[in-house]
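Working notes, beginning with the structure itself.
Atoms considered below: every heavy atom in the structure, side chains included; atoms not considered: hydrogens, waters and symmetry mates. Residue numbers begin at 1 in each chain, while the letters A, B, ... track the order of the sequences.
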There are 4 protein chains.
Amino acid sequence: MGVLSILRESGIFGCMETGSFASEARHLGKAARTRAKLMDAAVGVFARDGFEAASVNEIARAADVVNGTFYLHFKDKDDIAAAVAYRIATDVTRQLDAAMADIGDAIERTSTATRRFIEFMSARRDWGLALFRAVWFFRDLRGDVVNHLRADLERGRKQGAFTVEIDNFLIDTFASMTMSALFARLNGNVGADAGSRVAELQLRMLGVPAKRAKAAAWKKLPVLEIAVGNEAKKAGR
Amino acid sequence: MGVLSILRESGIFGCMETGSFASEARHLGKAARTRAKLMDAAVGVFARDGFEAASVNEIARAADVVNGTFYLHFKDKDDIAAAVAYRIATDVTRQLDAAMADIGDAIERTSTATRRFIEFMSARRDWGLALFRAVWFFRDLRGDVVNHLRADLERGRKQGAFTVEIDNFLIDTFASMTMSALFARLNGNVGADAGSRVAELQLRMLGVPAKRAKAAAWKKLPVLEIAVGNEAKKAGR
Amino acid sequence: MGVLSILRESGIFGCMETGSFASEARHLGKAARTRAKLMDAAVGVFARDGFEAASVNEIARAADVVNGTFYLHFKDKDDIAAAVAYRIATDVTRQLDAAMADIGDAIERTSTATRRFIEFMSARRDWGLALFRAVWFFRDLRGDVVNHLRADLERGRKQGAFTVEIDNFLIDTFASMTMSALFARLNGNVGADAGSRVAELQLRMLGVPAKRAKAAAWKKLPVLEIAVGNEAKKAGR
Amino acid sequence: MGVLSILRESGIFGCMETGSFASEARHLGKAARTRAKLMDAAVGVFARDGFEAASVNEIARAADVVNGTFYLHFKDKDDIAAAVAYRIATDVTRQLDAAMADIGDAIERTSTATRRFIEFMSARRDWGLALFRAVWFFRDLRGDVVNHLRADLERGRKQGAFTVEIDNFLIDTFASMTMSALFARLNGNVGADAGSRVAELQLRMLGVPAKRAKAAAWKKLPVLEIAVGNEAKKAGR
DNA sequence: AATGAATGAGGCTTCATTCAT
DNA sequence: AATGAATGAAGCCTCATTCAT
């Protein structure tokens with residue numbers, strides 16, 4: 001079974017009408033469902049208005065509960081933002097892990113991480129935009145993701161594939177390139193190849209020869225094959 | 001006269017007590033002086049509190065005028081932000097132009113632009129932080145600066161120094177790397193070599209051979225030489 | 001049996017962990033026990049936060065039941081306050097009655113009532129503080145206690161011991177002196193002799209000669225003697 | 001000229017329609033007038049609802065300004081309460097001082113202070129009720145008044161007129177008697193002789209012989225003579 | 001030009017109370 | 001009997017904006 005089918009089964013690339021959190025909480029208690037509704041609403045409002053401009057009232061309204069209900073579930077705006085950030089970080093990390101479980105080569109891993117991250121976050125438009133509008137409050141998201149990234153970069157360094165020093169500065173630079181590409185993608189300033197484009201640039205920056213960089217960054221990801229294929233569907237479920 | 005001396009005479013690297021805008025407006029009418037005071041105050045407040053959290057009252061208080069006076073000069077917070085952004089963009093552009101007036105080589109120009117920009121914005125800590133805290137409202141700042149950048153990148157492409165396609169996506173990526181380095185610098189996460197470090201990475205990304213990239217990015221900038229000596233003026237370039 | 005042993009057996013001077021009301025309701029139905037738990041909690045919260053600042057939610061939390069349960073037992077905060085006040089008034093009256101059953105002399109009765117009241121309410125710190133923090137809502141408490149007081153004062157008047165007119169104004173004044181002493185005691189502004197001190201002042205005010213007033217107010221109360229001795233039991237009644 | 005005529009001329013016993021603070025601020029700036037209006041309104045609301053139940057919104061409404069205006073003049077409810085308490089304390093102290101300037105005998109001073117205080121506070125019904133409903137927040141009021149009281153009591157002790165020890169406990173008891181009488185007066189439970197009645201009781205308590213106590217407490221205060229007489233006006237000064 | 005008092009909308013938060021389970 | 005989620009009114013406070021002086 002291919003990578004994307006995993007994603008698919010997890011419901012992540014499914015329809016978003018009811019909100020990702022809410023649909024996961026469908027079978028939980030009432031409180032959990034309301035909490036999830038609020039979190040979905042918060043993501044939406046953060047995405048639309050940005051974190052600062054978002055108001056608790058607005059989040060509650062978007063979640064279709066009265067404002068008082070909000071405080072039954074969260075202490076304040078920071079609280080729900082932290083909850084959302086944590087959930088997104090967890091989800092992203094889990095998905096990337098799954099998507100890259102069987103890739104050993106550092107060059108492949110590095111470019112795949114960038115491409116999958118952008119793919120994933122643009123599929124969940126609200127998440128991506130919320131990230132975009134509230135970067136500073138989604139700081140936590142960085143932790144895990146960055147740790148994985150660092151590991152891959154260091155592996156590449158040891159394998160001799162990358163010729164730059166791996167430190168926080170490099171990682172920040174690398175990450176900001178990915179973010180910039182994601183934002184361009186979300187804003188419609190670039191097509192579906194945003195991931196490949198930026199991945200290629202990143203590899204070049206790291207010291208990968210141009211040719212190899214292009215090959216790795218544009219290599220078809222198993223995903224696509226599975227997405228269209230027939231036997232995939234069988235395998236799908 | 002050398003590059004830095006231009007910067008110096010412009011008062012930019014001097015002390016900031018009275019605020020950059022106010023000191024420039026010293027000889028203008030009272031209205032212009034108040035307007036400048038407000039703009040300086042706004043930069044400071046944006047830098048300290050971020051754009052969203054900044055309040056008109058706070059800006060007025062920081063400018064030492066009553067709140068009502070604000071509205072004599074600006075329509076609202078967005079208005080003053082735009083004015084500030086425009087002035088900063090103009091200043092930055094002018095300074096970079098001056099600093100790079102006599103550099104012909106695209107590789108040199110590109111890396112110098114990045115390094116000077118970071119140098120300049122970290123010297124004017126408030127400007128940098130305001131940019132940092134209010135990126136979205138300083139969007140306009142991009143316009144001019146980006147145009148110059150595009151010109152240099154295309155020149156490099158034509159000269160055969162750069163081997164990537166120059167389009168908006170590349171420019172965004174390039175700019176986000178510079179920004180990321182500036183922010184790291186302002187936050188104290190990296191030393192004074194932030195400019196060189198990121199410039200080297202940018203050149204590698206653009207296709208400049210590692211050795212050449214390192215040489216260009218870390219080359220001593222004429223600045224210092226020019227600042228002290230007389231013959232430096234000759235040596236300047 | 002002596003006076004204090006009555007107090008002791010009633011559990012009043014014992015430890016307060018479970019709350020006075022709750023421990024009395026130990027053998028009643030579940031509803032009664034919950035009601036008692038709520039009343040104990042209410043006293044505690046009134047004592048800590050004052051009546052106005054106390055919230056139904058807080059009382060319920062302190063009683064370890066959910067907020068909805070409160071309304072099964074009381075209409076609102078006033079309702080539970082009234083219930084608490086009634087119970088406290090009843091208890092106090094009962095205890096004072098018991099403690100003074102065998103005292104005939106009006107001077108003795110008057111000073112003993114004041115001293116016992118202060119002793120009793122400072123032993124039950126929560127009750128005293130609740131009284132202190134919610135005087136206006138414990139108005140009802142006055143009724144019974146005041147009636148007894150009036151009887152003693154009038155008796156003293158008839159016996160010729162007191163030389164002032166006994167009316168509501170005098171009783172209010174007398175009561176406010178006792179209260180003031182209790183509050184000073186609860187606040188730690190005066191020691192265990194608060195009762196004797198104020199009783200002496202009250203007797204002087206009523207017209208009792210200074211010497212006699214001092215003697216009556218500072219006379220050792222039977223309590224202690226009775227509490228330990230055996231013959232005390234005889235003396236008891 | 002007699003004491004009361006001073007009070008009268010000061011406008012204090014005059015009509016209260018516009019509020020004591022506001023009428024004093026009539027000739028000050030707009031801000032001061034609004035501030036005074038708010039303080040008058042606050043006294044009224046405290047008197048009606050008590051301090052805890054009073055809301056900033058309600059005070060603003062009573063002062064006929066919008067709620068936002070409140071915060072232009074006071075930080076919060078505590079702030080205005082402190083301002084009001086300070087003003088009342090100052091006024092009361094000043095009036096009592098004036099009313100007792102020429103009394104030397106401690107017995108006279110003590111009973112006059114009590115009687116004047118009650119007279120003064122019941123004339124300013126709102127002040128008295130506010131004191132009544134918000135004792136804890138008018139703590140500051142005690143400071144000055146109590147210091148004067150202490151001085152008079154100690155003077156009496158030294159003169160041999162009082163035979164009790166003068167300490168905080170006694171002063172608290174004494175003050176609570178005065179308060180109790182004031183409250184009875186405000187509630188209509190006692191007539192205009194409340195001051196004399198309680199003053200007599202206080203003197204007895206302090207050790208003044210019954211006869212002397214009665215004489216001092218019920219002695220006509222110059223006020224009354226002046227209020228009615230003609231020659232008083234001459235004598236006034 | 002500037003002042004600064006006033007406005008009123010809107011955000012945050014708590015809490016008494018109800019109601020379906 | 002008890003639960004606990006939800007409600008919505010009401011209180012607190014800030015702030016952009018206006019306006020008379």
A/Glu58 CD to E/dG10 C1', straight-line distance once rounded to whole Å
12 Å
Between F/dC12, F/dG4, F/dA16, which nucleotide has the shortest distance from any of its atoms to the side chain of B/Ser55?
F/dA16
CG/C/Asn57: more than 12 non-hydrogen atoms of other groups inside 6.0 Å
yes
Note, B/Val43 side chain near B/Trp127 side chain (heavy atom, < 4.5 Å)
yes
When every non-hydrogen atom of C/Val45 is compared with those of C/Ala62, the smallest separation belongs to CG2-CB, 4.0 Å
Calculate the interatomic distance between A/Arg61 atom CZ and F/dT7 atom P; express it in whole Å.
14 Å
The side chain of D/Leu72 lies closest to which of these nucleotides: F/dA1, F/dC13, E/dA6?
E/dA6
Per nearest nucleotide of DNA chain F, the residue lying toward the 5' end, C/Phe70 or B/Asn57, is C/Phe70
Identify, between C/Thr69 and B/Ala53, the residue whose nearest nucleotide on DNA chain F lies closer to the 5' end.
C/Thr69
Between F/dT17, E/dA2, F/dA10, which nucleotide has the shortest distance from any of its atoms to the side chain of B/Val56?
F/dT17
Of all the choices, E/dC12, E/dT7, E/dA2, which nucleotide is nearest to the side chain of D/Val66 once you look at every atom?
E/dT7
Gap between atoms NZ and P, on A/Lys30 and E/dC19 respectively (whole Å):
13 Å
